[in-house]
Amino acid sequence: MSCSGGTESSSQPQESQTQPTQEEAQPPAELTQNIENGKTIYNQYCLVCHQSDGNGVTGAFPTLHQTEWVQGDKTKLIGVVLNGLQGAIEVKGEQYNNAMPQHSFLTDQQVADVLTFVRKSFGNDAPEITPEEVKEVRGQASSGSNKN
């Protein structure tokens with residue numbers, strides 16, 4: 001094994017020379033499976049509005065590409081999926097005023113998987129969302145005051 005600063009070349013593939021950290025390596029099998037599960041859920045519940053490429057529909061449904069909504073506050077994003085969203089919002093300088101239905105019927109694992117898929121797709125590279133984080137947000141919503 002050569003030091004990282006040397007100029008020595010090796011015929012062995014690079015991944016066998018050093019042991020990358022988990023963050024630098026390919027996603028662990030569990031994360032990869034969660035992303036695949038999330039893609040399935042996305043295709044079933046999200047694709048019609050946000051499209052297969054995540055671009056949404058101009059003026060109707062916002063893009064999922066590198067937006068603060070997707071890559072920003074996990075709690076806010078989880079809340080949008082669990083509770084839906086209604087009213088005017090701005091995404092990447094464009095105004096939207098449609099309703100997103102709530103998806104609280106999804107399990108904590110399903111919400112985590114679909115949001116992890118979105119946060120790792122469409123040009124995004126945001127941290128995954130865990131079922132525990134979804135459970136916490138869901139618990140806050142059910143223990144908070146009911147505005148209806």
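Side-chain atoms are counted along with the backbone in the values below, which use heavy atoms only and exclude waters and symmetry mates.
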How would you list all residue pairs meeting ring pair (Phe, Tyr, Trp, His ring centres under 6.0 Å) that involve residues 70-100, not counting sequence neighbours?
none
Rounded to the nearest 0.5 Å, what's the gap from CD1 on Ile129 to CZ on Phe117? Could you check?
13.5 Å
Would you say Thr116's side chain and Ile35's backbone share a donor-acceptor pair under 3.5 angstrom?
no
For Asp73, give me all partners under side-chain contact (heavy atoms from CB on, under 4.5 Å), at least two apart in sequence or on another chain.
Thr75, Lys76
In this structure, NZ of Lys120 is separated from CG of Leu115 (nearest 0.5 Å) by 13.0 Å
Among all residues two or more places apart in sequence or in another chain, which pass the side-chain hydrogen bond (donor to acceptor under 3.5 Å, both in side chains) test with Gln71?
none
Indicate yes or no for a side-chain donor-acceptor contact from Lys74 to the backbone of Glu128 under 3.5 Å, with no hydrogens or angles considered.
yes
Which residues pass the side-chain hydrogen bond (donor to acceptor under 3.5 Å, both in side chains) test with Gln86, sequence neighbours left out?
none
Check side-chain contact (heavy atoms from CB on, under 4.5 Å) between Glu136 and all other residues, then give those that pass, not counting sequence neighbours.
Gln140
Less than 4.5 Å apart, side chain to side chain, heavy atoms only: is that true for Asn37 and Gln110?
no
Taken in chain and number order and not counting sequence neighbours, the residues that satisfy side-chain hydrogen bond (donor to acceptor under 3.5 Å, both in side chains) with Lys39 are none
Please enumerate all residues that pass side-chain contact (heavy atoms from CB on, under 4.5 Å) together with Val80, with sequence neighbours excluded.
Trp69, Leu85, Met100
Indicate yes or no for a side-chain donor-acceptor contact from His50 to the backbone of Pro62 under 3.5 Å, with no hydrogens or angles considered.
yes
Name all pairs fulfilling the salt bridge (Lys or Arg N to Asp or Glu O under 4.0 Å) condition that reach into residues 97-116, sequence neighbours left out, sorted by first residue then second.
Asp108-Arg138
Checking Thr63 side chain against Gly54 main chain: does a donor-acceptor pair fall under 3.5 Å?
yes
Please report the interatomic distance CG(Asn98) to CD1(Ile89), rounded to the nearest 0.5 Å.
9.5 Å
With sequence neighbours excluded, tell me which residues meet side-chain contact (heavy atoms from CB on, under 4.5 Å) with Val114.
Ile41, Tyr42, Cys46
Nearest-0.5 Å distance, CG of residue Leu64 to CG of residue Asp53:
9.5 Å
Between Gln109 and Asn34, is any pair of side-chain heavy atoms under 4.5 Å apart?
yes
Single-linkage hydrophobic cluster, 4.5 Å side-chain cutoff, Phe105 and Val48 together:
no
Considering residues at least two apart in sequence or located in another chain, which fulfil the side-chain hydrogen bond (donor to acceptor under 3.5 Å, both in side chains) criterion with Gln51?
none
Using every non-hydrogen atom in the two residues, find where Ala112 and Pro131 come nearest and quote the distance to one decimal.
CB-N, 3.6 Å
If the condition is ring pair (Phe, Tyr, Trp, His ring centres under 6.0 Å), which residues does His65 pass it with, not counting sequence neighbours?
Phe122
Any chance you could pull the hydrophobic cluster mates of Val57, using side-chain heavy atoms under 4.5 angstrom and chaining through other members?
Phe61
Please examine the side chains of His103 and Val111, heavy atoms only from C-beta on, and report whether any two atoms are closer than 4.5 Å.
no
Atom OG1 in Thr130, atom CG in Leu31: separation rounded to 0.5 Å?
11.5 Å
